[in-house]
Every structure is written in structure tokens, then in C-alpha cells.
Amino acid sequence: MSVRVRFAPSPTGFMHVGNARTALFNYLFARHHGGTFILRIEDTDIERHSEEAVRVIYEALKWMGIDWDEGPDVGGPFGPYRQSERLNIYKEFIEKLKEKGLVYECYCTPEELEEMRKEQLKRGEPPRYTGKCRNLTEEEKEKLRKMGRKPVLRFKVPEDRTIVFEDLVKGRIEINSRQLGGDFVVVRSNGMPVYNFVVVVDDALMKITHVIRGEDHISNTPKQILLYEALGFTPPAFAHLPMILGPDRSKLSKRHGSTSVREFKEKGYLPEAFTNFLALLGWYPKDGKEILSMDELIKRFDIKDVNSAPAIFDTTKLNWMNQVYIRSYPVEKLTDLIIPYLEKAGYDTSNFNRKWLEKVIEVTREYLTVLSDAPGYMETFLKDDFEVSEEAKSFLAENPDRLKVIELFYHKIKSLEGELSEEKFKEIIKEIGKELKVKGKNLFMPVRIALTGKMSGVELPILVKLLGKERVLKRVENSLKQVNL
RNA sequence: GUCCCCGUCGUCUAGCCAGGCCUAGGACACCGGCCUUUCACGCCGGCGACGCGGGUUCGAAUCCCGCCGGGGACGCCA
């Protein structure tokens, strides 16, 4: 039987990195086995769902390089792929449960249930539904209905049964039905079925073979297995991925900083780096190779190699990976991605020659960790009216020779005939060194300051070449003005 | 509180199932050196972990028991 897996997020308006990793592992698993990857939108909680929120999911997945074979937008043989559009399907299976006498109406109000939970907790008992309404008579129900109460439908959980499943990453897991918190709700009082129920119906009908999801779903699994059985379906295989933790070792959430895919995209992480990094959170290739393209990930991915211990989300390594990817990215693509950051920083990029911009990026890419660093590092090339830093000024003031270097450099460039090439620049510097009898830092640093106002930066010959004679002169004039007070 | 899951360098992890090849390997980070007439890159080196206690065994990171620690779940959220 061919592998069919699904990623089933609820549209909350943002894609959490934990969800992104779940999607990725499902995707890798599907592609590795030549199976089908399905996208299903879990929006039974209608109040929270919006079209925009669904689009956020599409965008995040596409950005990461994940495509799906079946889904709300592309369709497929087992649609619809949005739970809010599957309501009559669920109704049919609710009827089945009713016929079998496996569900019953419960008229307790949320307030009553909350009260009950509090008391149980106070007594040191695990909170659970007691089964209060399990044996209500018709008259009692009628009475409660007259009070204006709308019932929920609860599933009858068997008294004392050990539910066992073989988890693909955790191993054998056994839970007694007594630990399930009592009879659980399958249909809300507003008639809307609840997650644990719809997920079973959908996974069964969509012929899902492997359910790969976060560890926080382990406690749902026995309930779902009970429903599979009640409905006459065979449960799929389960694989529960270890949690992703924040630096404080608690479940990663918004208070830990950036946790949405979009934030990483906006900061300027390359999708290849981000995906590569996520893949290594809880999984490790047998051969130990860490920089891996999507194809290489697919080739190597094995659910058996997924770690069962949780991982802390620490972006230090992501930063390194991003640098690695930035340095090997095609310049054209990199330029396309960097231009928006330049625009945001106030540059009108239409003023720049595209080829020239690419050359600038070619030399500055080495310095970038994230794309949003680009405007800062590229400033040296883009802005001629810079300010000479205080550090640089005092450096020049320390030794009169240093200023002389700048002045001589200026005259030599001014009287230069023809193009200012890298070689020409090196020659000129050598000449200055000989004529003024200076060398080392005393020779190079003044020129650097005159050209950039800073004490560090890219290699001078390259800078000079990309600037051209006119801009070099303009810059030296600008610096001289600031230093000669 | 109850149940479930987890515990190897600061972090991601290899090794654990099939005990000796482990004076525990790699990567990131950190520190130092080299390279570079700057910074970064690159190269070389260093620091650094089997949660604790018992047991089994000639031998345990690996198997067993207990403890401790961390996390998750306990919704008419998904």
C-alpha cells in the first residue's frame, strides 16, 4: 500500500516553526517513499478561521519548498480538504455512533464542568468528566431542554481497557482508558463536531497510512483509536515528533521571540537554510552530512532516525547555515531578494545599474548572516556622503603622515588618465608608500578612511574598482572636508 | 495532582535496540593561533557531556531497578 500522509494545520493566522517542522517531516516521509502528501485545513472552530489565515499556510509551505498533492486549492480524490466543508460527511458518521449507542447527550454547562474540574483538582484528583449525564431519562432530558439547554454529544469510553499502539518514534505506548478524562465530547452544543472526531473520520476517509504529528498529540491518540474502532476503521500508524522547546525548556511559543515562518523570512533567512535547519531538529542523517538540499533530505530521511528527546530551538546554528547558503546562492537570485531590503532602507534601487549591484552583492555577501544585514554592509558602496567616524578621526590625528597620505592619494587619482583598475590602485598605493616613506597600517588605513569613513570593511582594490574614479574623488573630498577643521 | 514522554558537550546530535572498536565522535557557538598591511571569510588547535544511586557482567553511555530533574496532556482548542 502506498504511503499517504497529511499535514493538517488549523488556520490561526501564522505558521509556527513547530508546525513547519511537522509539515516538513510529513513531506520528507511522503517523498522518500514516493507517497502522497496531503494538505488539510482544520477549521471546525469556525470563529477562528479566515481566508487570509489559510493563505498564510500556503505561503509558508511554498516558501519552504513544500508542495502538496492533494489539498483545498489543488483538489484530489478525497475532498473536500477543508473541514468546514465536510460537515455532512461528519453527520453521517455521528449517526453511525448514535445507532450503535456509543454516544449520549450531555446537558452540563461549561460553567458546571469548570466547577467540577476545580473541585477535583482541589481534592488532588485528575480532572475528568464523571459520566453524570450518561443515563439520563427522556423526561430528564426534556426538562433540561425546556431550561434552554443544548446538549453536547459524548463518546462512551470503555471502563477499563488498555489501549496500545506502536509509535514509530516513541516505541510502544500503553494507556488505560481510565486515564482519558472520562467520556469526551464529539459534537459541540452548536452541532459542530470536535477535533478528535473529525480527524479520525478524515484520516480514515482520506486513506492516511501514517499520522505524523507533534508529541502533544500523544494523549489524543488513544481517544482516536477508540473512535477508529467504533467507526469500524483500521487505525493508521502513528509517529509522534518530539517537542520543540524554547531556551527555558518549555514548549516553544511566541514569548520566546520569533516563532513564525514569516518572521524568519522577513529577517532574511533563505528558505533552503531554514528548511535544512528544521530538518535537523529532531532528526539526523546517518552519514552526518549537515548541509543538505531538499532532494538530499528526501533521500536520507527515515522516520526511524527521528530522535525521541525534545530539541531546543536555538538559532545560532541557523545563522551559520544561512551564511553558508548565502555564500553559495546564485547572485541573481540573491540580488532579487536583497533589493526589497535596500528599498526598505531608503534606497531607490532603480538608480543602480543591475550588473553593478550584483557585483557589489558578490563581494558583500561574505559578510551577511541574514539578508536584512545587507543594507548596512552595502552602505559603503551605495552612499558617498558618509560621515567619518570618531575613531577614524582620532586615528588620523595621531600622526600627520596619515593625512598626507590622503592628500597625495587624492592628487594622484585626480591626475590619473584612464580607468581606475585594481592594479592601478595598487600601483598608486605603492608609489605613495615610497614617496612618503610610510607603510602598513599608516599607508592603508588613511586611504580606507578617506574612502569609507570607517576603520574596517571590504578590500580596498575591489571597492575602488567598483566605485570608479569620479566617486573615489568625491569621497576623498568629502572626507577631507570633515577632517581638515 | 494523575497519566504519558524525555534525560550524552552551552546548543543540534552520533553511539544505546544487537554491552568491549568510547581515554564518548561530528557540527554550531566560544577561546587561542595562522592567513590577511583592516574586519570578515578560510585553515589549524583548544575548551567541553554519558542527571544521580544501586544492580547484572570479566567489562555498561549502552541491559535492569530506584531516585532526581525537565517537558507534555488532562477543553463544547486544534
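We name chains A, B, ... by the order of the sequence lines, and we start the count at 1 in each one. Just so it is clear, the structure is predicted and the values come from calculations on it, not from any experiment.
- Ring pair Phe238(A)/Tyr228(A) is perpendicular by interplanar angle, where above 60° counts as perpendicular and below 30° as parallel.
- Residue Arg249(A) places its CZ atom among 12 or fewer non-hydrogen atoms of other residues, nucleotides or ligands, all under 6.0 Å distant.
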What nitrogen or oxygen pairs link the protein and nucleotides 15-19 of chain B at under 3.5 Å?
residue	atom	partner	partner atom	Å
rG15(B)	OP1	Lys286(A)	NZ	3.3

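- Comparing the same atom, P, in rG33(B) and in rU23(B) gives a spacing of 32 Å after rounding to whole Å.
- Judged by distance alone, the side chain of Thr275(A) and the main-chain N or O of Met64(A) form a donor-acceptor pair under 3.5 Å.
- A straight line from CG of Asn319(A) to C1' of rU11(B) spans 13 Å, rounded to a whole angstrom.
- Counting any heavy atom pair closer than 4.0 Å across all strands shown, Gly282(A) reaches sugar-phosphate atoms only and no base atom.
- Between rC6(B), rG26(B), rC76(B), one nucleotide has an atom nearer to the side chain of Lys170(A) than all others, and that is rC6(B).
- Counted within 6.0 Å of NZ on Lys454(A), heavy atoms from surrounding residues, nucleotides or ligands total more than 12; the atom is thus considered enclosed.
- Rounded to whole Å, atom P of rG75(B) lies 13 Å from atom CG of Asp183(A).
- One atom, CZ of Phe14(A), and another, C1' of rA78(B), lie 12 Å apart when rounded to the nearest Å.
- Shown here is Lys289(A), whose NZ atom has more than 12 heavy atoms of other residues, nucleotides or ligands within 6.0 Å.
- Shown here, rC34(B) forms a base pair with rG42(B); the pair counts as Watson-Crick or G-U wobble because both key distances fall under 3.5 Å.
- Taking atom CD of Glu114(A) as the reference point, atom C1' of rC74(B) lies 12 Å away to the nearest angstrom.
- Each of Leu168(A), Leu281(A), Asn26(A), Ile212(A) was scored for a side-chain contact (heavy atoms from CB on, under 4.5 Å) with Leu241(A), with one residue passing: Ile212(A).
- Within a 6.0 Å sphere centred on NZ of Lys141(A), heavy atoms belonging to other residues, nucleotides or ligands number more than 12.
- Per the geometry, CG belonging to Asp287(A) stands 14 Å off P belonging to rA27(B), to the nearest Å.
- Taking every side-chain heavy atom of Pro127(A) into account, rC74(B) is the closest of rC3(B), rC74(B), rG26(B).
- Base contact: Ser189(A) has a heavy atom under 4.0 Å from a base atom.
- If you check every strand for non-hydrogen atoms under 4.0 Å, Leu281(A) touches sugar and phosphate atoms only.
- For the pair Glu125(A) and Gln83(A), both in contact range of RNA chain B, the more 5′-proximal nearest nucleotide belongs to Glu125(A).
- Taking atom C1' in both rC50(B) and rC63(B), one finds a spacing of 15 Å when rounded to whole Å.
- Taking 3.5 Å as the limit, the base of rG75(B) and the side chain of Tyr195(A) contain no donor-acceptor pair of atoms between them.
- For the P atoms, the distance linking rG20(B) with rG15(B) amounts to 13 Å, nearest Å.
- In terms of position along RNA chain B, the nucleotide closest to Ile312(A) lies nearer the 5' end than the nucleotide closest to the other residue of the pair Ile312(A) and Pro110(A).
- Across every strand in view, rG75(B) sits unpaired, with no contact that passes the Watson-Crick or G-U test at under 3.5 angstrom.
- Under the salt bridge (Lys or Arg N to Asp or Glu O under 4.0 Å) test applied with Lys465(A), the options Glu459(A), Glu422(A), Glu423(A) reduce to a single match, Glu422(A).
- Using atom C1' as the reference point in both rU13(B) and rA49(B), the two lie 12 Å apart (nearest Å).
- Between the side chains of Tyr269(A) and Asn319(A), at least one donor-acceptor pair of N or O atoms lies under 3.5 Å.
- Out of rC76(B), rU2(B), rC28(B), the shortest distance to the side chain of Gln179(A) is found at rU2(B).
- A salt bridge links Arg117(A) and Glu114(A); the closest N-O separation between the charged side-chain nitrogens and carboxylate oxygens is under 4.0 Å.
- When the C1' atom is used for both rU56(B) and rG19(B), the distance is 11 Å, rounded to whole Å.
- What separates CG of Leu278(A) from P of rU13(B) is a distance of 12 Å, to the nearest Å.
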So which protein nitrogen or oxygen atoms get under 3.5 Å of nucleotides 69-73 of chain B's nitrogens or oxygens?
residue	atom	partner	partner atom	Å
rG72(B)	OP1	Lys251(A)	N	3.0
rA73(B)	OP1	Lys251(A)	NZ	3.0
rA73(B)	O2'	Ser219(A)	OG	2.5

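- Nucleotides rG48(B) and rC31(B) have their C1' atoms positioned 11 Å apart, rounded to a whole Å.
- In this structure, rC28(B) and rG10(B) make a Watson-Crick or G-U wobble pair, each of the two defining distances being under 3.5 angstrom.
- The distance from atom OG of Ser189(A) to atom OH of Tyr107(A), rounded to the nearest 0.5 Å, is 11.0 Å.
- Of the nucleotides present, rG51(B) is the one that pairs with rC67(B) by Watson-Crick or G-U wobble criteria, both distances under 3.5 Å.
- In terms of the ring-ring contact (aromatic ring centres under 6.0 Å, His included) criterion, residue partners of Tyr377(A) (sequence neighbours excluded) are, by chain and number, Tyr367(A).
- Across all strands shown, rG59(B) forms no Watson-Crick or G-U wobble pair with both distances under 3.5 Å.
- Taking atom C1' on both nucleotides, rG26(B) is separated from rC9(B) by 12 Å, rounded to a whole Å.
- Between Lys317(A) and Glu290(A) there is a salt bridge, with a side-chain nitrogen of the basic residue lying less than 4.0 Å from a carboxylate oxygen of the acidic one.
- Proximity of residues 197-205 of chain A to RNA chain B (heavy atom under 4.0 angstrom from any strand atom) is not detected for any residue.
- Annotation: cation-pi geometry not satisfied between Arg262(A) and Phe264(A) (NZ/CZ under 6.0 angstrom from ring centroid, within 45° of ring axis).
- Remark: of the listed residues Phe155(A), Phe197(A), Phe233(A), Phe233(A) is the sole one forming a ring pair (Phe, Tyr, Trp, His ring centres under 6.0 Å) with Phe93(A).
- Between the CD atom of Glu166(A) and the C1' atom of rC5(B) there is a distance of 15 Å, rounded to whole Å.
- The salt bridge (charged side-chain N to carboxylate O under 4.0 Å, His left out) pairs that include a residue from residues 274-288 of chain A are Lys286(A)-Asp305(A), Asp287(A)-Arg300(A), where partners are two or more places apart or lie in different chains.
- With both pairing distances under 3.5 Å, rC22(B) is matched to nothing as a Watson-Crick or G-U wobble pair.
- Base engagement by Val152(A) is indicated by at least one non-hydrogen atom pair under 4.0 Å involving a base atom.
- rA29(B) and rA18(B): their C1' atoms are spaced 36 Å apart (whole Å).
- With rG1(B), rC12(B), rA78(B) as the candidates, the nucleotide lying closest to the side chain of Leu280(A) is rC12(B).
- Look at Arg117(A) and you'll find a side-chain N or O under 4.0 angstrom from OP1 or OP2 of rG75(B).
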Fill in the blank from the handout: For nucleotides 30-41 of chain B, 5' to 3', base contacts (B), sugar-phosphate-only contacts (S) and non-contacts (-) with protein non-hydrogen atoms under 4.0 Å give -------BBBSS

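- One interatomic measurement links the two molecules: OH of Tyr284(A) to P of rA27(B), which rounds to 8 Å at whole-angstrom precision.
- More than 12 heavy-atom neighbours from other residues, nucleotides or ligands sit within 6.0 angstrom of CD on Glu140(A).
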